[in-house]
Amino acid sequence: MDSEARMQREELLRRAVLAGDEDAWRTWHDESFDALYAYVLWRCGKNHDQAAETVQETWLTAVRTIRRFDPCRGSFLVWLRGLAANVLRHQLRQRGRLQKREQAVGRIDATELQRLDHPQSERIALTLDALPERQEAVLRAKYLDGFSVAEIAAQWDETPKAIESLLGRARQAFRELFEK
């Protein structure tokens, strides 16, 4: 579907949703759930429990903020991914604050807090969140969406060499952040 047709279709769905049409919500949900879940699962480092919680919170946020969705600025799925990224950031901040509070009230001492290394899935999520948006996007396109370098280059209107270079920098940045 071309960009203009997508915008028109999504604007019609948006209007239907705002008018209370449950079938429109169901259509959007059915069309985007699998791709949203795959994105969130990737961002959570394959932690299925966290992914399920995040996807649920993302849909609740979408229901509350659907008036802000503008099909001219991007697809519904791209908007959902943005919401999910914000939900994940919020969850990660909350976990960090909880650990600091527990340490402050003496439930966890400083040495135990250092020993409690983040599980790998949480470390992956934190690392992806810390990457610049463009680096995270190229890693997502390559490893989650499964696009080739040539496909990414065509979609982004860049040369394959530029995408290869960006992928190299993104992988290196991920490694460096993950090892910290």
Side-chain angles (χ1 to χ4, degrees), residues 25-66 68-69 74-149 151-152 155-156 163 166-180:
W25 263 124
R26 197 170 297 109
T27 297
W28 254 343
H29 180 272
D30 293 348
E31 290 176 357
S32 55
F33 181 84
D34 290 341
L36 176 64
Y37 187 82
Y39 169 74
V40 170
L41 187 61
W42 181 68
R43 286 291 302 262
C44 291
K46 305 268 190 237
N47 181 325
H48 289 276
D49 291 336
Q50 184 182 7
E53 178 184 330
T54 302
V55 167
Q56 182 177 4
E57 183 64 30
T58 299
W59 279 106
L60 291 172
T61 302
V63 168
R64 288 191 306 265
T65 61
I66 189 62
R68 295 185 201 154
F69 169 63
S75 73
F76 184 69
L77 180 59
V78 168
W79 183 70
L80 284 175
R81 284 177 173 171
L83 294 177
N86 288 334
V87 167
L88 282 165
R89 280 187 201 100
H90 177 74
Q91 290 171 343
L92 292 169
R93 280 194 304 270
Q94 289 295 100
R95 279 192 202 98
R97 281 194 281 262
L98 178 61
Q99 284 181 342
K100 287 177 185 173
R101 265 189 255 129
E102 287 177 344
Q103 182 185 8
V105 297
R107 290 192 191 134
I108 298 176
D109 66 16
T111 55
E112 186 175 346
L113 188 61
Q114 289 172 347
R115 265 188 320 126
L116 288 175
D117 190 17
H118 292 293
Q120 186 166 349
S121 61
E122 190 166 321
R123 287 180 62 211
I124 291 169
L126 287 165
T127 303
L128 287 168
D129 193 54
L131 287 174
E133 185 176 330
R134 185 165 161 77
Q135 289 181 349
E136 188 271 335
V138 76
L139 291 173
R140 177 176 10 104
K142 176 71 174 159
Y143 298 109
L144 176 65
D145 298 334
F147 293 123
S148 69
V149 168
E151 290 169 323
I152 298 168
Q155 289 174 2
W156 293 15
I163 296 301
L166 177 60
L167 269 169
R169 289 191 311 274
R171 285 189 288 254
Q172 181 63 33
F174 181 91
R175 272 191 299 276
E176 290 172 3
L177 289 168
F178 186 79
E179 292 170 0
K180 281 186 181 179

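FYI, the numbering just counts along the sequence from 1. Computed from a prediction, not measured in an experiment: that's the story for all the values here.
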Asker: Side chain of Glu179, backbone of Glu176: donor and acceptor closer than 3.5 Å?
Answerer: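 Checking the backbone N and O of Glu176 against the side chain of Glu179, no donor-acceptor pair under 3.5 Å is found.
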Asker: Carefully, step by step, assess Trp25 and Ile66 under the rule side chain to side chain contact (heavy atoms under 4.5 Å, CB included).
Answerer: CA-CA 10 Å; Trp25 263 124; Ile66 189 62; 4.1 Å; yes
Asker: Please round to the nearest 0.5 Å and tell me the distance separating atom CH2 of Trp59 and atom OG of Ser32.
Answerer: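 It is 3.5 Å, given to the nearest 0.5 Å.
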Asker: Do Asp145 and Glu151 have side chains that get closer than 4.5 Å, going by heavy atoms?
Answerer: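 The answer is no; the side chains never approach within 4.5 Å.
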Asker: State, to 0.1 Å, how close Thr65 and Thr61 come at their nearest heavy-atom pair, and which atoms those are.
Answerer: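 Nearest pair, atom of Thr65 first, then Thr61: OG1-O, 2.7 Å.
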Asker: Measuring from Glu31:CD to Leu36:CG, what's the distance to the nearest 0.5 Å?
Answerer: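 With rounding to 0.5 Å, CD (Glu31) is 13.5 Å from CG (Leu36).
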Asker: Assess the residue pair Glu57 and His90 against the criterion (side chain to side chain contact (heavy atoms under 4.5 Å, CB included)); give the C-alpha distance rounded to whole Å, side-chain angles, the decisive distance to 0.1 Å, and a yes or no.
Answerer: CA-CA 11 Å; Glu57 183 64 30; His90 177 74; over 6 Å; no
Asker: Of all the heavy-atom pairs spanning Ala84 and Tyr39, show the shortest one and how long it is.
Answerer: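 Looking at all heavy atoms of both residues, the shortest contact is CB-CE2, 4.2 Å.
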Asker: Can you tell me how far the OG1 atom of Thr127 sits from the CZ atom of Phe174, to the nearest 0.5 Å?
Answerer: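 The OG1 atom of Thr127 sits 5.0 Å away from the CZ atom of Phe174.
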Asker: Provide the closest heavy-atom pair for Ala85 versus Arg43 in the form atom of the first, atom of the second, distance.
Answerer: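 So the two residues come closest at CB-NH1, 3.9 Å.
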Asker: Parallel under 30°, tilted from 30 to 60°, perpendicular over 60°: which one fits the rings of Phe76 and Trp28?
Answerer: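 It falls in the parallel class, under 30°.
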Asker: How many angstroms lie between atom CZ of Arg68 and atom CH2 of Trp79, to the nearest 0.5 angstrom?
Answerer: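 Taking CZ in Arg68 and CH2 in Trp79, the distance rounds to 8.5 Å.
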Asker: Taking the six-membered ring for Trp and the full ring for Phe, Tyr or His, determine whether the centres of Phe147 and Trp156 are under 6.0 Å apart.
Answerer: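 They do not qualify: ring centres at least 6.0 Å apart.
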Asker: Between Arg169 and Glu136, does any side-chain N to carboxylate O distance fall below 4.0 Å?
Answerer: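 No, this pair does not count.
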Asker: After noting the C-alpha distance and the side-chain angles of Leu131 and Leu139, does the key distance pass the side chain to side chain contact (heavy atoms under 4.5 Å, CB included) rule?
Answerer: CA-CA 10 Å; Leu131 287 174; Leu139 291 173; 3.6 Å; yes
Asker: Would you say that more than 12 heavy atoms from the other residues, nucleotides or ligands in this model lie under 6.0 Å from the CD of Gln56, or not?
Answerer: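 Atom CD in Gln56 is not packed in, count stays at 12 or less.
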Asker: Work out which heavy atom in Ala35 is nearest to a heavy atom in Leu77; give both atom names and the distance.
Answerer: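 Minimum heavy-atom contact is CB-CD2, 3.6 Å.
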Asker: Could you go through Lys142 and Val138, starting from their C-alpha distance and side-chain angles, then the distance that decides it, and tell me whether this counts as side chain to side chain contact (heavy atoms under 4.5 Å, CB included)?
Answerer: CA-CA 6 Å; Lys142 176 71 174 159; Val138 76; 5.6 Å; no
Asker: Provide the closest heavy-atom pair for Leu177 versus Ala130 in the form atom of the first, atom of the second, distance.
Answerer: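 Minimum heavy-atom contact is CD1-CB, 4.0 Å.
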Asker: Could you grab the distance from atom CZ of Arg171 to atom CG of Leu166, nearest 0.5 Å is fine?
Answerer: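 Between Arg171 CZ and Leu166 CG, I get 9.5 Å after rounding to 0.5 Å.
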Asker: Which value, rounded to the nearest 0.5 Å, describes the distance between Ile163 atom CD1 and Gln155 atom CD?
Answerer: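 Reported value, rounded in 0.5 Å steps: 9.5 Å.
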Asker: Return the minimal non-hydrogen interatomic distance between Thr54 and Cys44, and the atom names on each side.
Answerer: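 Taking every non-hydrogen atom into account, OG1-SG, 4.3 Å.
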Asker: I'd like to know if the side chain of Gln172 pairs up with that of Arg175 as donor and acceptor (distance under 3.5 Å, no hydrogens or angles considered).
Answerer: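 There is such a pair (donor and acceptor under 3.5 Å, judged by atom type) between the side chains of Gln172 and Arg175.
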